[in-house]
Chemist: 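Pasting a structure here, questions to come.
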Amino acid sequence: MEYNFTSVEKKWQDFWRENKTYKTEIDPDRPKYYVLDMFPYPSGAGLHVGHPLGYIASDIYSRYKKQKGFNVLHPMGYDAYGLPAEQYAIQTGQHPAITTERNIQRYREQLDKIGFSFDWDREVRTCDPRYYKWTQWTFIQLFEHYFDRKENKARPVKDLIARFERSGNLGLEAACDLQEEFTAVAWMKMTEKEKQDILMKYRLAYLSDTMVNWCPRLGTVLANDEVKEGFSVRGGYPVEKKTMKQWSLRITAYADRLLEGLDTIDWSESLKEIQKNWIGRSEGATIFFPVKGHEIALEVFTTRPDTIFGSTFMVIAPEHEWVEKITTPEFNNEVKAYVKKASARSERERLSEVKTVSGQFTGAYCEHPFTGDPLPIYIADYVLAGYGTGAIMAVPAHDSRDYAFAKHFALPIVEVVSGGNIEEESYDAKEGTLVNSDFINGMDVPTAIRTVNQRLEAKGIGKMRINFRLRDAIFSRQRYWGEPFPVYYKDGIPYMMDESMLPLELPEVDKYLPTESGEPPLARAQNWKTEEGHPIETNTMPGFAGSSAYYIRYMDPKNDRVLVSTEAINYWQDVDLYIGGSEHATGHLIYARFWNKFLFDIGVSVKQEPFKKLINQGMIQGRSNFVYRVKGSNKFVSYNLRKQYDTMPIHVDVNIVSHDVLDIEAFRNWNPEFKNAEFILEDGKYICGWEIEKMSKSFHNVVNPDDLIEKYGADTLRLYEMFLGPLEQAKPWDTNGIEGVFRFIRKLWRLYHNRENQFEVSDEKPNADELKVLHKTIKKVSEDIERFSFNTAVSSFMICVNELSDLKCNKREILSPLAILVSSFAPHIAEELWALMGNNESVVNAQFPEWKEEYIAEDMVLYPVSFNGKTRFKVELPAGSTPKEVEDAILKMDDAQKWLQGKSPRKVIVVPGKIVNVVV
RNA sequence: GCGGGGAUAGCCAAGCCAGGCCAAAGGCGCAGGACUUAAGAUCCUGUUACGUAGGUAUUCGCGGGUUCGAAUCCCGUUCCCCGCACCA
């Protein structure tokens, strides 16, 4: 046994823990650097090799930054509330806190084995009352603030009340759900209930009846980002639309700031794009179309007011509030039937029937605001109740959906923008000249839009409007395992608890299920009321509540007076580098940005954006192996022979396959079914097939880091995870190949040891070759780490160690900096070598070496000489030679004469220090 | 449909932004050899084709172009992956 990684790694992990090597404090003398990982939900399955990928990358960067002189904050914690623990609790009666605690222990053990440089003294858990006290506190602040559109920031509700007392809401520009205006006098006359109802429409955290995503199987509502294609992201259960009284956060107030902020942060283009789409800003106008025979006007939203003269009918969503009101008696039955059919269809069905045109005429007509023409009003489910006003003016000539609808119902199609062929299809482009359009004829589209908008505003029948796709975030969940709301109800009006009551701790319940009357599990809690006897809110907060400001809490995790001290936030400021998966693009990463902006507005946070730079690590996919069973037998045929039989591929545990060769004994023991299996081999081996799939238990392709650490050590695992490929790229995990980095580790060890495995490093002065190897490695590795190209950095280490081995170099002046260089990638072996070289302090605190160009530069240049662009031979010449000297020297050579074949060169191109090309 | 990222040798993957030591780093796999009683470990050599070799020819998805010179720049084209999408 030469390098005993098991004992060395254990030794240093103990050392780091005992000496609190990674403890971080505020240090005004050093610049700060904050490296954050997305904290994990501790699931029962533990970590697989895909999970630590990002943590390893951030750990390398943290260690590197520290050696570069930064004071690095690198914390870790747990997103501990979540559905799996609760589902488990429902099944088994086991308290989710117990399951969660056990899972956290397991995670911690696994994380510790990989040798991370986390400052565990800063650990946070979202389910810890000392932590969620501040989640509740922030919720109260959200409740106590509204959004002032003029100042474009949150302001206290008490200011709003003062304003109402002074002048009502006349002329107030604030984000709210209230259309009506009222005066100060009217305000003063209102009852407490009426006042609270009004204020609720302004608060950033508010209670309202909203259309929610209800998931019956999970027994809770879900936010939009928790639903995908009509199914819950967690569990994959069907989701339906339902109106319920729910807490929401007025994130839409921040839509513009969330959008603008994207330009100021260093995130990947794709991630920014996803957020942009999710926010979905579109500029347009709302226009009122009077309904014939009624005193009302239908309000529509359009981004193309220029096409108003091409509008030939109106469409409203089946859920539109006026459907019943405007439907004429003769169409009553049909309309009712259509509405019923539409509402019965699940979200899933609606989406899958996108291509089928359906709708129903209501019998009612609108009047065109400019021409006065009658426009029939239809209901159709291609118009969504939740977007814009839930009503559109249909312009079939210039909108493909309206076009399909018009064709189906034989409605007129009027061209108003030239440039397309509306006989064939709608012309949706914004290029062309307006025709058939009265006062905007002859204009281009942008001019026409402006002109129509002006006319609409002047006539008071419409106004410019910016619309967002982003919806307010529904903030209540009908579940047990989450933060309780610090809210009680008095006379049916919700009030916030006093800050001194926080944290409001999660109560015990007898069962983790809703009550018989359908109330959330917290309704089962004994005495779930205030001292005065007022009932407490029974909903709990969603997953994103606890994860929205955890990065701030890490700065000052134990403070029980404030969320974060001024000193801590002023020093640590924001996250410099955030690494995590892109699946959080429309969830956590939007909410956290919103939450931070709010905290910024109320003076807690000091930066508009929480995460300066963000890297999405690519997903690690699984690489599955297959055996081929001959149908109807217990015989298995090797991969390349399988075509000669009628076979069925069966997933086989990748852990009993090495380089696609099956361990037959292990296979027999793997499953009793295969105990007596027979094999048809090739070359005496059973070769397995393979495929790239998701890493999942059901595919038997899950690779556990613990197993690899046991076999190869944590340093090898760390290096191999990085060596696999570019950090941001998705890639399959393939354990084949790990031997390569394992060999590298042992080869590194041997540089510092003699044949008898005794430590032996010489104090001799290094020669130019050795210095060159070292310095070009320092340069390459530094540059690679700076641009997060960890896979190429590992290659550079391999090259360096190979070259030093060839040079038989064991000189301290080379090997000492080399130990520092590799320490961020392979900290255990680096610590050991560093200590063997006589250092008393951890290599963590060493200074990262600087490269010197003088050692890298060459005296001689090896010029490749090409003829007509084809390299033919190489010549070594002094580095300082002029092009003329180079040309002369080369043309004199025999090799050159051979290629010239007696001809004289037409042209000789000399690129100093690089290459010579002779054109014949 | 909109947006983003790709295609390099048996496999993974550098190189492309700043064209030239590029038959193309590094690793895996494979083949041969050294050491060993043997296995393992380690080391060396080879791994597009032909040739013992010097070398020669043909390669970086495909087609064209620019250039003394193209994996790298430009134009076109095919295929793959990943987001978003009845949002008016």
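Chain letters run A, B, ... following the sequence lines, proteins first, then strands; residues in each count from 1. Quantities reported herein were computed from a predicted structural model and do not represent experimental measurements.
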Chemist: Quick one: which of Phe742(A), Trp749(A), Phe744(A), Tyr752(A) gives a ring-ring contact (aromatic ring centres under 6.0 Å, His included) with Tyr3(A)?
Modeler: Trp749(A)

Chemist: Hey, which of these two, Asn917(A) or Gly725(A), hits RNA chain B nearer its 5' end, going by closest nucleotide?
Modeler: Gly725(A)

Chemist: Looking at every strand, decide which applies to Glu273(A) at a 4.0 Å heavy-atom threshold: base, sugar-phosphate, or nothing.
Modeler: sugar-phosphate

Chemist: Classify the nucleic acid contact of Asn802(A) as base, sugar-phosphate or nothing, counting any heavy atom under 4.0 Å across all strands shown.
Modeler: sugar-phosphate

Chemist: Taking the six-membered ring for Trp, are Tyr720(A) and Phe723(A) parallel (under 30°), tilted (30 to 60°) or perpendicular (over 60°)?
Modeler: tilted

Chemist: Determine the interatomic distance between P on G64(B) and the same-named atom on U72(B); round to the nearest Å.
Modeler: 14 Å

Chemist: Between Glu739(A) and Tyr712(A), does any side-chain donor sit less than 3.5 Å from a side-chain acceptor?
Modeler: yes

Chemist: Using Watson-Crick or G-U wobble geometry with both distances below 3.5 Å, tell me the partner of C43(B), or none.
Modeler: G33(B)

Chemist: On RNA chain B, does the nearest nucleotide to Glu739(A) precede the nearest nucleotide to Trp690(A) from the 5' side, or the other way round? Give the residue.
Modeler: Trp690(A)

Chemist: Whole Å only: how far is the CG atom of Leu384(A) from the C1' atom of A88(B)?
Modeler: 9 Å

Chemist: What nucleotide among C86(B), C68(B), C28(B) has an atom nearest to a side-chain atom of Asp381(A)?
Modeler: C86(B)

Chemist: Name the nucleic acid region contacted by Ile274(A), choosing base, sugar-phosphate or nothing; use a 4.0 angstrom heavy-atom cut-off, strictly under.
Modeler: sugar-phosphate

Chemist: Establish, with yes or no, whether the OP1 or OP2 oxygen of A14(B) is under 4.0 angstrom from a side-chain nitrogen or oxygen of Asn791(A).
Modeler: yes

Chemist: What about the rings of Phe409(A) and Phe313(A), do their centers lie closer together than 6.0 Å?
Modeler: no

Chemist: Could you tell me the Watson-Crick or G-U partner of C79(B), where both distances fall under 3.5 Å? Say none if there is no partner.
Modeler: G6(B)

Chemist: Sub-3.5 Å donor-acceptor pair from the side chain of Asn810(A) to the main-chain atoms of Glu760(A), do we have one?
Modeler: yes

Chemist: Quick one: label Ser400(A) by what it contacts on the DNA or RNA (base, sugar-phosphate, nothing), any heavy atom closer than 4.0 Å.
Modeler: nothing

Chemist: Heavy atoms under 4.0 Å, any strand shown: does Lys276(A) hit a base, just sugar-phosphate, or nothing?
Modeler: nothing

Chemist: Need the pair for C17(B). Rule: Watson-Crick or G-U wobble, both distances under 3.5 Å, any strand; none if unpaired.
Modeler: none

Chemist: Whole angstroms only, please: what is the CD1-C1' distance between Ile909(A) and U67(B)?
Modeler: 9 Å

Chemist: Checking Asp734(A) side chain against Arg623(A) main chain: does a donor-acceptor pair fall under 3.5 Å?
Modeler: no

Chemist: Whole Å only: how far is the CZ atom of Phe742(A) from the P atom of G27(B)?
Modeler: 16 Å

Chemist: To the side chain of Tyr382(A), which of G26(B), C68(B), C86(B) is closest?
Modeler: C86(B)

Chemist: Between C43(B) and Lys747(A), is there an OP1 or OP2 to side-chain N/O distance shorter than 4.0 Å?
Modeler: yes

Chemist: Distance check needed: U42(B) P versus Asn754(A) CG, whole Å only.
Modeler: 18 Å

Chemist: Describe the nucleic acid contact of Glu728(A) in one word from base, sugar-phosphate, nothing, applying a heavy-atom distance below 4.0 Å.
Modeler: nothing

Chemist: When we call it a touch if two heavy atoms are under 4.0 Å apart, what does Ser795(A) touch: a base, just sugar-phosphate, or nothing?
Modeler: base

Chemist: On a whole-Å scale, what distance lies between the C1' atoms belonging to A9(B) and G46(B)?
Modeler: 15 Å

Chemist: For C73(B), give its Watson-Crick or G-U wobble partner with both distances under 3.5 Å, or none.
Modeler: G65(B)

Chemist: Across the strands shown, which category fits Val911(A) at heavy-atom distances under 4.0 angstrom: base, sugar-phosphate, nothing?
Modeler: base

Chemist: With rounding to whole Å, what would you report as the distance between C73(B) and U67(B) at their C1' atoms?
Modeler: 10 Å

Chemist: Using a heavy-atom cut-off of under 4.0 Å over every strand shown, decide if Ile799(A) touches base, sugar-phosphate, or nothing.
Modeler: sugar-phosphate

Chemist: Does Asp256(A) pair with Arg281(A) as a salt bridge, N-O distance under 4.0 Å?
Modeler: yes

Chemist: At less than 4.0 Å, is any side-chain N or O atom of Arg743(A) found next to OP1 or OP2 of C28(B)? Yes or no.
Modeler: yes

Chemist: Counting only side-chain nitrogens and oxygens, does Arg469(A) get under 4.0 Å of the OP1 or OP2 atom of A88(B)?
Modeler: no

Chemist: Say we look at C79(B) and A41(B): how far apart would their P atoms be, to the nearest angstrom?
Modeler: 46 Å

Chemist: Ignoring backbone atoms, test whether Ser282(A) places a side-chain nitrogen or oxygen under 4.0 Å from the OP1 or OP2 oxygen of A88(B).
Modeler: yes

Chemist: Taking atom C1' in both A14(B) and A7(B), compute the distance separating them and give it to the nearest angstrom.
Modeler: 15 Å

Chemist: Establish, from distance only, whether the side-chain atoms of Thr389(A) and Glu299(A) form a donor-acceptor pair under 3.5 Å.
Modeler: no

Chemist: Counting Watson-Crick and G-U wobble pairs only, both distances under 3.5 Å, name the nucleotide matched with A49(B), or none.
Modeler: U56(B)

Chemist: In whole angstrom, give me the gap between the C1' atoms of G61(B) and A71(B).
Modeler: 12 Å

Chemist: Anything under 30° is parallel, anything over 60° is perpendicular, the rest tilted; go ahead and classify His398(A) against Tyr427(A).
Modeler: perpendicular

Chemist: Expressed as a whole number of Å, how far does the C1' atom of A70(B) sit from that of G1(B)?
Modeler: 35 Å

Chemist: Considering just the side-chain nitrogens and oxygens of Arg746(A), establish if one lies under 4.0 Å of OP1 or OP2 belonging to U42(B).
Modeler: yes

Chemist: Roughly how many Å is it from CG in Asp734(A) to P in A13(B), rounded to a whole number?
Modeler: 11 Å

Chemist: Hey, is the side chain of Gln729(A) poking within less than 4.0 Å of OP1 or OP2 on A13(B), counting only N and O atoms?
Modeler: yes

Chemist: Using the P atoms only, state how far A49(B) lies from C44(B), rounded to an integer number of Å.
Modeler: 24 Å

Chemist: Base, sugar-phosphate, or nothing: which does Leu271(A) touch, judged by heavy atoms less than 4.0 Å apart?
Modeler: nothing

Chemist: Could you give the CG-to-P distance, from Leu724(A) to A13(B), as a whole number of Å?
Modeler: 8 Å

Chemist: Atom CZ of Arg750(A) and atom C1' of U42(B): how far apart are they, to the nearest Å?
Modeler: 6 Å

Chemist: So Pro732(A), base contact, sugar-phosphate only, or nothing? Heavy-atom distance under 4.0 Å.
Modeler: nothing

Chemist: In whole angstrom, what separates Leu589(A)'s CG from G83(B)'s C1'?
Modeler: 14 Å

Chemist: What nucleic acid atoms does Asp428(A) come within less than 4.0 Å of, heavy atoms only: base, sugar-phosphate, or nothing?
Modeler: nothing

